[in-house]
Structures are given as structure tokens and as C-alpha cells.
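Each chain gets a letter, A, B and so on, in the order the sequences are listed, and its residues count up from 1. The shown structure was predicted, so the numbers you read here are calculated from the model rather than taken from an experiment.
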Protein chains: 2
Amino acid sequence: MSTSPSRLLLARKARQGNLYVANCPSRGVLDHLTSRWGSLILILLLERTHRFSELGREIGGVSEKMLAQSLQQLEADGFLTRTVYPTVPPKVEYSLTPLGSEAATPIKTLTDWVELNVSKVLKVRAKRHPAPLT
Amino acid sequence: MSTSPSRLLLARKARQGNLYVANCPSRGVLDHLTSRWGSLILILLLERTHRFSELGREIGGVSEKMLAQSLQQLEADGFLTRTVYPTVPPKVEYSLTPLGSEAATPIKTLTDWVELNVSKVLKVRAKRHPAPLT
DNA sequence: CGGTATCCAGCGCGATACTG
DNA sequence: CAGTATCGCGCTGGATACCG
């Protein structure tokens, strides 16, 4: 098959092992960890085990589809475990694996920093966007 | 134009009267920081000041459009400064602001962790993918 | 060199309906 | 309660062409 010239550029770029690059699997892992809901899930699970609906309720605004999808990705990556209780009302609990805890910690550090400094960012944005649209 | 994607998403949700409980503007800031190219830009600028084409070359596989867009977002958020030298061949340099350095540090921590542990994740994925495909 | 404007394909993602 | 299946919109992002 014909290889796109940009792909060649990507391959040539792989010389730096220290910096993860576009065609590196690290990218996919990082995408899962920093995805819109993935990071929130990890932070919540860092506190304690949660049920499916609990996660959806606490996060808010996430569809069941995306919640399930995000959970599946994180589970497939080995960041969390899914435990099903065969009770009459189905009950499923999600909790972090040791690997997941390791991953969630720097994520929480990052999100904490953002929350602490978001006001600064908003001030900068306001200067550059004096008339925001409604 | 330069409308934040997350803003659009929020607007669309609100328009449809969904239960979206805006998860605070931190979400949009985090999106910029952890975006596909945004995180790489910050990491590179953490080392030193870069020119536009240098960033594109070192990252690899990024279109000019996305590179410019990512840089604009990070600049609008106050994470980096854009310096134009009015020379005959145009020259533009990007460097981190103090705020950008603060933001880039936890990001680098996270990406470093991912690079160190990506092999573990790949092993887990391989176990869960017993029958690749025909 | 360092962008911007336009077009267009892909698919992410929400809404809805259905299952166990 | 905890999902899965399906559909369709419109955002994301690459390619291309064009300016200062």
C-alpha cells in the first residue's frame, strides 16, 4: 500500500525515545487517561469504589454510552476493575487497580493545578475576548 | 473562527435542554492542556523557546492548521507568548509564560509516567485481546 | 517562513430504544 | 440497575491553495 509522506515523517521522528510521538502507543494510553470523562472517572475512583450510576450521577452530563465506553477503555488498559454482583437488581462496581492509582495520581495533580489556576486563565481569556458571544 | 470546541459542545447541550451540569470552565482549560498537540507543545517549550517550524518538525505529523490552532489556544489561555520578528523571512518564536511553565510541569510528570508504564498497559491489552483477527 | 481560508471526509458523540 | 444497538448530526482535523 502507498504510504503517505506524512507517515514517513512520523517514522523518521521516532528517533527520540524520550519524547512520545504521534505514532507511539503512549499516545493512545494518554488519550484514554486524559479523555473528557476518563480523567474524571479516575479521580472519582481514586477516592473510593463507585457504581456505574454513581459515576454518572457525580460526573453529570455524561451519556451512558460514553460512560460505558470510557470505563471499557480504562478497564482494557488495566487501570480499573469491573466487578459484577449477580443480584436481582444488577450491581456493578468499579475500582482502581494499583496501576490505575499510579496513573490517577499525576492526573489529579494536573487537574488540581488547573482548578487552582483556572481563574488566572479566565482573566487572560477575558482580555483577548472582550465581547464573548451568547 | 477561534471558538473553543468545548464551548460549542456546551452550547449545543444547553440548547437541547439536556441535564448538562457545566463542569466548570476548568474542563476547557484542561482540554487545551491535554489536547493531542497541546501537551507536546508545552513539553517542548519547557526545554527551550521554539520557532513555529521547529515545533512542527520536532512533533512530527501535525498539520500547520492544527499546530497554529493549538498555539493560539495556549496563547489565549496565557500559557505561552508569541513573539514576531519583523525580518524579511518572517520569524516567530514561542516560549512559555510562568503560568505555562507551572502547567507544563504536571503534564510532563503525567506523560513521563505514561512512557514508563506504557509497556504494562500493552501487556494488559494483549491479554484482553486473545483473538486479534483473521 | 508563518501563517490563514476553504473544502471535505470521517467519526465522535448524543439521543433514543431495547435487553437482561 | 447496567448496559447494548442503532441512527444521524456536526465537530474535528487533514489537504489544498493562497497571502504578508
Peer 1: Side-chain atoms of residues 58-67 of chain A: list all donor-acceptor pairs with protein atoms under 3.5 Å, sequence neighbours left out, distances to 0.1 Å.
Peer 2:
residue	atom	partner	partner atom	Å
A:E58	OE2	A:R48	NH2	3.1
A:E58	OE2	A:H50	NE2	3.0
A:S63	OG	A:M66	N	3.3

Peer 1: Could you tell me how far apart B:D31 (CG) and D:dC11 (P) are, to the nearest whole angstrom?
Peer 2: 15 Å
Peer 1: Any salt bridge (Lys or Arg N to Asp or Glu O under 4.0 Å) involving residues 76-86 of chain A? Give me the pairs, sequence neighbours left out, ordered by first then second residue.
Peer 2: A:D77-B:R125
Peer 1: Please give, in whole Å, the distance from D:dC1 P to A:H50 NE2?
Peer 2: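 Roughly 16 Å, once rounded to whole Å.
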Peer 1: What residues, two or more places apart in sequence or in another chain, satisfy side-chain contact (heavy atoms from CB on, under 4.5 Å) together with B:L116?
Peer 2: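 Checked B:L116 against side-chain contact (heavy atoms from CB on, under 4.5 Å); zero matches.
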Peer 1: I'd like a table of donor-acceptor pairs (distance under 3.5 Å, sequence neighbours excluded) in which one partner is a side-chain atom from residues 98-107 of chain A, with atom names and distances.
Peer 2:
residue	atom	partner	partner atom	Å
A:S101	OG	A:T97	O	3.3
A:E102	OE1	B:W113	NE1	3.1
A:T105	OG1	A:S101	O	2.8

Peer 1: Between B:D31 and B:R27, does at least one N-O distance fall below 4.0 Å, as a salt bridge requires?
Peer 2: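 Yes.
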Peer 1: For B:L67 and C:dC1, what is the distance between atoms CG and P respectively, to the nearest whole Å?
Peer 2: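 Rounding to the nearest Å, CG of B:L67 and P of C:dC1 are 14 Å apart.
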Peer 1: Rounded to whole Å, how long is the line connecting atom CD of B:Q73 with atom P of C:dG3?
Peer 2: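 Rounded to the whole Å, the gap is 15 Å.
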Peer 1: Report each atom pair, protein N/O against N/O of nucleotides 2-5 of chain D, whose distance is under 3.5 angstrom.
Peer 2:
residue	atom	partner	partner atom	Å
D:dA2	OP1	A:R51	NE	2.9
D:dA2	OP1	A:R51	NH2	2.9
D:dA2	OP1	A:V92	N	3.4
D:dA2	OP2	A:S53	N	3.0
D:dA2	OP2	A:S53	OG	2.7
D:dG3	OP1	A:R82	NE	3.0
D:dG3	OP1	A:R82	NH2	2.4
D:dG3	OP1	A:Y94	OH	3.3
D:dG3	OP2	A:Y94	OH	2.6
D:dG3	N7	A:E64	OE1	2.7
D:dT4	OP1	A:Q72	NE2	3.3
D:dT4	OP2	A:Q72	NE2	2.9

Peer 1: Measure the distance from CZ on B:R36 to C1' on D:dC11 and round it to the nearest whole Å.
Peer 2: 16 Å
Peer 1: Does A:S119 have any side-chain contact (heavy atoms from CB on, under 4.5 Å) partners at least two apart in sequence or in another chain, and if so, which?
Peer 2: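 Listed in chain order: nothing, the list is empty.
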Peer 1: May I have the distance from B:M66 (atom CE) to C:dG3 (atom P), rounded to whole angstrom?
Peer 2: 15 Å
